[in-house]
Each structure stands twice: as structure tokens, then as C-alpha cells.
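Step one of this worksheet: look at the structure below.
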There are 2 protein chains.
Amino acid sequence: MTTLSAIDPERKVRRATMNDVARLAGVSIKTVSRVVNDEAGVHPATADRVLAAIDQLGFRRNLSARNLRRGSSTGTVGLVLEDVGNPFYSGVTRAVEEVSRLRGRQVITGSSDEDPARERELALEFCSRRVDGLLIVPAGVQHAYLVPEMRAGTPVVFLDRPAGDVVADTVLVDNVGGTAEAVRHLASFGHRRIAFLGDAPDIYTAGERLRGFREGCVRAGVRFDESLVAMGPHDAGSVRAALHRLTTAAEPATAVVTGNNRITVHALRALAGSVARPALVGFDDFELADLLSPPVTVLAHDASALGRAAAELLHARLDGDASPPRRVVLPVRLVARGSGEARP
Amino acid sequence: MTTLSAIDPERKVRRATMNDVARLAGVSIKTVSRVVNDEAGVHPATADRVLAAIDQLGFRRNLSARNLRRGSSTGTVGLVLEDVGNPFYSGVTRAVEEVSRLRGRQVITGSSDEDPARERELALEFCSRRVDGLLIVPAGVQHAYLVPEMRAGTPVVFLDRPAGDVVADTVLVDNVGGTAEAVRHLASFGHRRIAFLGDAPDIYTAGERLRGFREGCVRAGVRFDESLVAMGPHDAGSVRAALHRLTTAAEPATAVVTGNNRITVHALRALAGSVARPALVGFDDFELADLLSPPVTVLAHDASALGRAAAELLHARLDGDASPPRRVVLPVRLVARGSGEARP
DNA sequence: TCGATCGCGGACAACGTTGTCATAGTCCGC
DNA sequence: GCGGACTATGACAACGTTGTCCGCGATCGA
């Protein structure tokens, strides 16, 4: 095994083009193209010469040029989400990558950090790169900026949250049904003072989950108390403060529904060590929830399923599916593990 | 707010080009180019006409063509790792994205699933797309295939594991030192029968951590016992089986060092509920480790730091840094939380 | 033996953009 | 009124690739 030097003094070597290969092999550039593309009609001996030249020069065809010339697919898909670092979205990313790979496409990702301007910037940048399609977890509610792109034939699928003002394929999870189920579950154990701790209400999922919470209260015959709702806290400190307020009020909450995985984790950390812990059901499943004590009852839904469904929808569009836009709602399952089963 | 139709009957609209814009605005294509690129020397009135035409046609310049023509940067970076879905790597991805964004580059990712062929395929595919640089978590040990690319000026930075047979920038964590420290820690609490549960030994990090384990034993005056080493198990079942074997042997292990986050999690799940749990120190930190009971002592290192260091090294190369290849080793910190502090 | 066919290879244009250079018009000072 | 400097714009080629079409020699069928 020889160890090869990485950074050569002879740095500024121009990349070999088909022209260079053709010259070295003593054929025309078109013949090189034929060899590279496995086209028929090249004499084996000629092909060998060409392949040798390709090898010698380290030639690698320029996909930009190819795509430009062919005017067809660039073999890429753009994925705009909130944060690739969040385990939930990284699960989505992985699934999207998986599906796309099977369809011969690469994934370009970008994190919007809940900033609508950044979402737009990323999506349009991807369009400039002529991605074949876009998968977007919307940060904002205005998506008219995508209309020219969609009209130009770039299919767009929204996931996790719907678009504000365009009609397009959308894959969601059952936020309302899930949260309502959490309330029903807690009420069935006798809880009457149930709090909801959610993210900023202008985030679609947060709003929907609050709606589900409200509906769940109505259905379970539990009084919906505005003062038991805290929308917005999503970092450790604010979650801790909100939780403190909710559990030390005059009529304190005996149970809490947390609106997403991050809030759940912050809440668990805030509650660790406290004596009288409220019962808790968290939206989003997370690793090790089963190993905590008490194990955490969650509203589970599958990040992979979400990514897979969205990517498959997108690829169906790319394969020519021109049916009306679809809205897919994936189920949410309550996984009872213990934290939601304590009596008040 | 008007709701706009997504999939039009008038689908097959060709994307507008600068030519179309030029025709509509009644100027030459070059003038459009000037407006799009904010070049000086265009009459404001002309520029307005052009901008109006751009807006009307939904023109968005084709970056493929631009990059082809300019022959310069494509503004992309390729990231090949094992699995974007793994929280550790998604942290890396996020950091890489962050750094790249500040430098004006997009990230294309691909998961190799520990398959060297797939790693190679992905890396070369990225090269065909003319990424400005490559970040690779090697799956295999042969990287000679990258030499032509590196010679052609594509900088490559390896992260988390070194390359097999090329000299290039590399960012690693202190695997040996970390694991040795774990052994020292356990030994200081009186453990003499310490087991190591690692991934397949042909994975670099697994091998290094085993080496660190061995060194740690020597230094701590603990007998290194081959029979207390299990290399390879990395799914729930095999980890459970290995753990069972190690803790029920004639001279059972009283403490275990687990070789990465997945193995740690499987081990914790296998040990949950068992009465006499061995002390445990896991390589890689993970969310909620502090909330388990007992809280899990880990060898922590920062995924973000790893990604950031690698991405910054890469961008330094892209900015012309031609110094000899560097090897950066990031520290590993033992975070004592409880699971490693039980006496035998 | 002659025309038809086939296998192989090449010349050329085009994809959408930008760098270079040219040109027509305007304005200034002397 | 004229040279020169400057402004605004355009014509053209080129980036690296592939599709179209054409040519040349060999082989084949009648």
C-alpha cells in the first residue's frame, strides 16, 4: 500500500476534459462521449484506448455541462428543514436520502432555523441549482414565491407543516388527534387540571397541537383553562419557569402535555429531582424515553415514515403523476410507558 | 391572501432564460446578465425594465450554466458520512452546514452505511458535480481513488477516522486517550474485571478505542483479559448476548466500557431491570444520559466541534491555504455522572 | 459487380451563462 | 468644432458536454 501525497506542489492542474482524453487517445471528442455513456458503436479496441486515457488523466465528466446540454434532470432534490441537527429532522433526512438514492437522486439540505426569509432563500437557491424537486418543512406561511418555480415544473412537497398560500402536496402528522388522545389518556387516570406547554403558536404544529388539546379537553369533559396553557417557551430556562408557574398555581396542574421533543426534554430535566412530579405526555417519541424513570409516555409518530412518504410523493410527481395535490396525514400513536399513568 | 394553484394544466412551461428576459425587456442578453449580477454601467431605467421582465417571467438564473462558464466554484461541499440519521453525525452535519453557509456554500450529503463501495461512489459522484471540496467520514481504508480529484484541486478533509492510503487533512477525536481514561476512572473505584464492548474492529474508531482500553489497563495495573473483550456486536440482540456472557462468566466483569453511543444505548436497555448492574462508561455523550438512573458516565466529545473543525479546515484550503496536511485531534472528556462510579 | 447496409468515427451546433471587446452616443474643455 | 473621456449597450466566443447528421470503408445480397 503506497501512501500518496495529497497536496502536490503541482497544484494548479486543470481538470481533464473530454477534449484532453480525446487528444490522448487519438480519437474525436464524440467518441469519448460515446465511451463514457456506454453508447453502442465503438470498436472495442478504440474503447480500450479511451478508457486508458480516462484513467491516466483522472477524467471525470462534468455533470454541470452534461445537465446543461441535456436540459434534463440534475439528479438532485432540495430539502429545506428547520434543523438537520434535530434528531427528528435527521430521521426525516435519512428517509428522504434513502428514497432518493433508489431513484438515482442526491439530496441537498439546508436548515432554515424557523426563519421564513432563510427558508425562502434556501428554496430559491436550490431552484437556481435546478433541483428536480423540493421538499420543504415550512418556516413561514407565505409560499407564493414558489409559484413561478412550480409553474416551471419543479414539484414541491411540504412536510410536517402545510404551506400558507399555495396548493401543493403535503404530508402531515395527526397533530390534533394525537394531542386530544393525550388529554383523553390523562383524563382517564383522573386528571382534571391538565396543562399544555407548547412552542410559539405561529408555528403550525404548535397551533394544531393546542387545538387538539382544547378539543381533547372538551371531549374528555375537562375544563379548558387558559391559565394552564403556556405557548412559546422552548429553551431550558423558559420551560422550567413555565413549568414552575403551572405546578405552583392556586389550582396547580397535575398533568402536563408537552408540545414537542425539545420541550419534553427540557421539562424532564426541570422536573428531575422534584418530589411531586405532574403526570406527563410528550409529543414526539425520543430515544431512551423507555429507560427514564418513570418511562415517558409519548405521542409517537415516525420521522422515517414522514420523510419516506414525502419523498415518494415527490418522486411520483417527477415520474409524471399529475393528479390533484394530495394531503397525507400520518397517524400518531400514544405509547403508554408510565409518566402519563400516574393518578393525581 | 390568494390561494394559488400548484399544478397547472399549463404544465410544460419552459423555464425562462436570459434570452427570454432580454427579448421581453427589449435589451440584449448581456444587459440582462449585467442586471442580474449587479454590474455597474446599466441605466436605471433599463435596469427597471429588465427587473420587471425577470419578475414577469419568473426568471431564475441557471447556476449550472453560470458555473460552467465561469469555471470557478460551484458553491457546494460534499459530505459523506455513515448515517445522517445518527444523532452524532447529524450534529456533525449541522456544524458543517453552519460553517459552509457563512462561507457561501451549500452542503450535499450522502450516507455510506459503512460500505466502502458506497463511500467511493458518493465521493466520486460529488466530484462529478464539481463540489468545491469533500468532507469524508471514511467507511473503507482505501482512498487512492481520490488522488486524481485531489490533484485536480479538490481539497478533502477526513473526519472522525483517518484515510487509509492518502495523506490529507484529518480531524479526529482522542479515541485512545478517552478510553484509557475510562479504564483509569473505573479502576480508581476498585474495578479489576473491566470489559470492553466495541464495534467491529475493522472500523477505525473501534480499533483505536480497543487500543486505548488495552493501554488503560496496562497503565492502571489492571490485567487485560482477552475474554472480557467483545468486538462486533452492534444491534440490540448481540449486545445483550455479549453483555450476558461477560457478566455471567466464571470471573464476571464488574464494569463495562461501551465503544459508541449505539452500543451504550443497547447495553443500557439490556441492563435495565437487572439487579446487579456492572458499572458502565460509554464512549460518546448522548441526550438524557444525565436523566437516566443511574445517570450515565460518558466519554464526551463534541459532534459540532468535529464538524466545525473539519469544515473550517476545508474552507481554509479553499481560501488557498497550502500548508502541509494537518491532523487535528479533539479532546475527549470524561463526564462522571454515576454509572461509572459504583464500586464492584 | 453494384447498390444497399452496417459499423465506426468525426464535424458542428447547441444548452445558458459570462468575459472580452467593440461601438454609438454624449458631454466636456479648449 | 474637435479630440478625448466616458457611459450605456451589444456582438461574439467560450465553458464541457451531447444530439444530429454526415462520411468512409467494409460487408452482404442479388
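Worth knowing before you read on, the calculation uses all heavy atoms, side chains too, and leaves out hydrogens, waters and symmetry mates.
The shortest distance between the side-chain N/O atoms of R70(A) and the OP1/OP2 oxygens of dT18(D) is not below 4.0 Å. A sub-4.0 Å separation between OP1 or OP2 of dG19(D) and a side-chain N or O of R69(A) is absent. Side-chain N/O atoms of N37(B) include one lying less than 4.0 angstrom from OP1 or OP2 on dT18(C). Of the side-chain N and O atoms in S28(A), one or more sit less than 4.0 angstrom from OP1 or OP2 of dG10(C). OP1 or OP2 of dT9(D) lies within a sub-4.0 Å distance of a side-chain N or O belonging to T46(B).
If you check every strand for non-hydrogen atoms under 4.0 Å, I29(A) touches a base. No contact: V36(A) has no heavy atom under 4.0 Å from any strand. Among the atoms of the strands shown, base atoms are found under 4.0 Å from some heavy atom of S33(B). The residue G41(B) sits close to a base: some heavy atom pair falls under 4.0 Å. R61(B) comes within contact range of the sugar-phosphate backbone alone, with a heavy-atom separation under 4.0 Å but no base atom that close.
Atom-to-atom, CE of M18(B) to P of dT17(C) comes out at 5 Å; the value is rounded to the nearest Å. Rounded to a whole Å, the CZ atom of R23(B) is 14 Å from the P atom of dG10(D). Distance NZ (K30(B)) to P (dC21(C)): 12 Å, rounded to an integer number of Å. For E39(A) and dG10(C), the CD to P distance is 14 Å, given to the nearest whole Å.
Side-chain atoms of R34(B) come within donor-acceptor range of the base of dG10(D), with a qualifying N/O pair under 3.5 Å.
Nucleotides of DNA chain D nearest to P44(B) and R130(B) differ in position, and the one nearer the 5' end is that of P44(B). The 5' end of DNA chain D is approached more closely, in terms of each residue's nearest nucleotide, by G26(B) than by the other of G26(B) and G71(B).
For T31(B), the listed nucleotide lying nearest its side chain is dT9(D); candidates were dC8(C), dT9(D), dG16(C).
Note on R105(B) versus E97(B): no salt bridge recorded, every NZ/NE/NH1/NH2 to OD/OE distance being 4.0 Å or above. Under a 4.0 Å N-O distance rule, the pair D113(B)/R94(A) qualifies as a salt bridge. Taking a cutoff of 4.0 Å between a charged side-chain nitrogen and a carboxylate oxygen, R14(B) and D20(B) qualify as a salt bridge.
With D169(A) as the fixed residue, the side-chain hydrogen bond (donor to acceptor under 3.5 Å, both in side chains) test singles out one of R317(A), R326(A), R327(A): R317(A).
Counting only distance, with no hydrogens or angles, the side chain of R118(B) and the backbone of D115(B) share no donor-acceptor pair below 3.5 Å.
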